[in-house]
Amino acid sequence: MNRERNGPGYRALPLLLAFAIFVGGCTTAATSDSATSAAAALASDADDCRPGGPCSTPIPIRVVIVAMFEIGEDEGDTAGEFQLWKARRGLTERIPMPHGHHDLFLNRETGVLGFVTGVGTMNSAATTMALGLDQRFDLSRAYWLVAGIAGIDPEDASIGSAAWSAYLIDGDLGHEIDPREMPGDWPHGFFARRTQGPLDPTLPDNRGEMFLTNEG
């Protein structure tokens with residue numbers, strides 16, 4: 001609609017805007033406290049128990065099953081370390097964990113939680129710490145079962161054997177000498193730091209390489 005700049009329609013527009021601003025300002029002032037409270041409540045509800053955030057009702061966990069890798073999918077194909085635990089323990093509820101290597105899987109009825117850390121010290125440490133700090137879960141009374149597969153000398157055990165270890169050893173920290181250059185009476189060339197060779201009876205100061213679990 002075309003109007004002259006000094007016509008009545010042009011002059012009325014600022015008056016209408018001023019009235020709307022005045023009325024809107026009065027309404028906002030009258031309801032600002034309640035609106036702010038409502039918005040805060042909605043924001044609090046929306047943010048409650050999100051990944052990495054605060055949670056007012058954490059899920060109690062009885063057992064955490066820790067696996068290091070999965071070959072493909074979490075179910076329906078060749079199983080890695082995690083897939084059979086997921087199927088046989090009924091871990092059917094998938095819980096997003098964007099700050100970890102892999103989503104979590106839960107059975108609320110039994111309180112069993114399973115997850116995959118990823119292979120290697122970096123992935124396993126970061127993912128496990130992420131779960132430990134996740135406020136969506138109450139892990140204060142949880143048992144942790146590290147369910148990893150490994151190789152073994154067939155003279156010591158057969159395929160499918162289970163070994164329960166009292167000690168946890170960080171094998172990444174150590175020395176290894178080429179077998180072609182090691183002393184002839186050594187069984188192998190790998191030995192712990194601050195020792196003189198394999199099976200050295202001298203126990204070095206523990207600097208985070210060896211941990212004794214609670215055998216009780």
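Counting only residues at least two apart or in different chains, salt bridge (charged side-chain N to carboxylate O under 4.0 Å, His left out) contacts with residues 111-135 comprise D134-R136. Applying the salt bridge (charged side-chain N to carboxylate O under 4.0 Å, His left out) test to every pair with at least one member in residues 102-119, sequence neighbours left out, gives these pairs: E93-R108, R94-D103. Sorted by first and then second residue, the pairs that involve residues 53-64 and meet side chain to side chain donor-acceptor pair (under 3.5 Å), not counting sequence neighbours, are D48-S56. Under the side chain to side chain donor-acceptor pair (under 3.5 Å) criterion, the residue pairs touching residues 146-160 are S158-S161, with sequence neighbours excluded.
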Open item on the list: Assess the residue pair I65 and V112 against the criterion (side-chain contact (heavy atoms from CB on, under 4.5 Å)); give the C-alpha distance rounded to whole Å, side-chain angles, the decisive distance to 0.1 Å, and a yes or no.
Closed with: CA-CA 7 Å; I65 298 173; V112 177; 3.6 Å; yes
TODO: Any chance you could lay out the side-chain contact (heavy atoms from CB on, under 4.5 Å) test for L131 and W144, step after step, and finish with the verdict?
DONE: CA-CA 12 Å; L131 174 59; W144 291 69; 3.9 Å; yes
Task: Step-by-step side-chain contact (heavy atoms from CB on, under 4.5 Å) determination, V66 to W85 - done: CA-CA 10 Å; V66 185; W85 285 99; over 6 Å; no
Open item on the list: Applying side-chain contact (heavy atoms from CB on, under 4.5 Å) to T128 and F115, what does each step give before you reach the verdict?
Closed with: CA-CA 9 Å; T128 303; F115 75 113; 4.0 Å; yes
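The aromatic ring centroids of F105 and F82 lie less than 6.0 Å from each other.
Nearest approach of C55 to Q135, heavy atoms of both residues: CB-O, 3.2 Å. Taking both residues in full, the closest heavy atoms of G148 and M68 are given as CA-CE, 3.5 Å, listed atom of the first, atom of the second, then distance. Of all heavy-atom pairs spanning K86 and D74, the tightest one is CD-O, 3.5 Å. Closest approach of P198 and F190 over heavy atoms only: CG-O, 3.7 Å. Scanning all heavy atoms of the two residues, the minimum distance from R180 to D178 falls at NH2-OD2, 2.6 Å.
A donor-acceptor pair is defined here as one N or O able to donate and one able to accept, closer than 3.5 Å; such a pair exists between the side chain of Q83 and the backbone of E73. Between the side chain of N107 and the backbone N or O of T92 there is no donor-acceptor pair closer than 3.5 Å. Within the 3.5 Å criterion, the main-chain N or O of V116 finds no donor-acceptor partner in the side chain of E70.
Counting heavy atoms from C-beta outward, P179 and H188 have side chains that stay 4.5 Å or more apart. At a threshold of 4.5 Å between non-hydrogen side-chain atoms, the residues I61 and R141 do not count as touching. Counting heavy atoms from C-beta on, the side chains of I71 and E81 never come closer than 4.5 Å. Looking at heavy atoms from C-beta onward, T117 lies out of side-chain contact with N123 at the 4.5 angstrom threshold. Residues L106 and I59 have side chains in contact (heavy-atom distance under 4.5 Å, counting atoms from C-beta outward).
Note that the NE2 atom of H101 and the CE atom of M122 stand 10.5 Å from one another [nearest 0.5 Å]. Taking OG1 of T127 as the reference point, atom NE2 of H102 lies at 10.5 Å (rounded to 0.5 Å).
At a threshold of 4.5 Å between side-chain heavy atoms, the hydrophobic network of Ile, Leu, Val, Met, Phe, Trp and Tyr places L91 and V64 in two separate groups. Clustering ILVMFWY residues whenever any of their side-chain heavy atoms sit less than 4.5 angstrom apart, transitively, puts L84 in a cluster other than the one holding I149.
Qualifying salt bridge (Lys or Arg N to Asp or Glu O under 4.0 Å) partners for R88, counting only residues two or more places apart in sequence or in other chains: none. Every residue two or more places apart in sequence or in another chain that forms a ring-ring contact (aromatic ring centres under 6.0 Å, His included) with H175 is listed here: F191.
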